[in-house]
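I have placed the structure first, in the form of structure tokens, so that the comments after it can refer back to it.
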Amino acid sequence: PFGMFLLLYLMLMLNLIFQALFIQVFFTRAKPGIIAAIVFFLLQYILIAFIGTQPDESTVKAVSLAPHIAFTFAVNTMLSF
């Protein structure tokens, strides 16, 4: 069980690194890049507030394209067992 949590955590951290590198390409100065990265990061988490507590399967599949929401669903599924 610990290995699954560790693997899930490492995959999320790699995703955050790749997202940071992707956003870095579009900005030459630090401050606008940081603001854009924070907004992008928060938008991915805000989506989970709009889907409710018991979403149907098609909604889960659609919003799980955002890695942060997929991570949240994965941890919820692991904790339910």
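Throughout, numbering of the chain's residues begins at 1 and tracks the sequence. Only this structure's heavy atoms are used, side chains among them; waters, hydrogens and symmetry mates stay out.
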For this session: Search all heavy atoms of S64 against all heavy atoms of A70 and return the closest pair with its distance.
Result: O-CB, 3.5 Å

Exercise. Considering all heavy atoms of both residues, which atom of G33 and which atom of I23 are nearest to each other, and what is their separation?
Worked result: O-CG2, 3.9 Å

Co-membership, hydrophobic cluster, residues [X] and [Y], 4.5 Å side-chain:
| X | Y | result |
| --- | --- | --- |
| L16 | L14 | no |
| L12 | I38 | yes |
| M78 | M13 | yes |
| L42 | I51 | no |
| L6 | V75 | no |

Exercise. Got more than 12 heavy atoms from elsewhere within 6.0 Å of CZ, F5?
Worked result: yes

Seminar exercise, completed: Taken in chain and number order and not counting sequence neighbours, the residues that satisfy ring-ring contact (aromatic ring centres under 6.0 Å, His included) with Y9 are none

Exercise. Is there a side-chain contact between L7 and M11, using heavy atoms and a 4.5 Å cut-off?
Worked result: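 Heavy-atom side-chain distance check passes, below 4.5 Å.
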
Problem set entry | Close side-chain approach of V63 and I48, heavy atoms under 4.5 Å |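 Answer no - side chains too far apart.
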
Exercise. Residues in side-chain contact (heavy atoms from CB on, under 4.5 Å) with P67, at least two apart?
Worked result: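 Applying side-chain contact (heavy atoms from CB on, under 4.5 Å) to P67 gives N15, Q19, Q44.
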
Exercise. Applying ring-ring contact (aromatic ring centres under 6.0 Å, His included), which residue pairs with at least one partner in residues 45-70 are found, sequence neighbours left out?
Worked result: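 Sorted result for residues 45-70: F41-Y45, F41-H68, Y45-H68.
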
Exercise. Rounded to the nearest 0.5 Å, how far does CD1 of I35 lie from CZ of R29?
Worked result: 9.5 Å

Exercise. Any donor and acceptor pair, going by atom type alone, linking the side chain of T77 with main-chain N or O of F73 inside 3.5 Å?
Worked result: yes

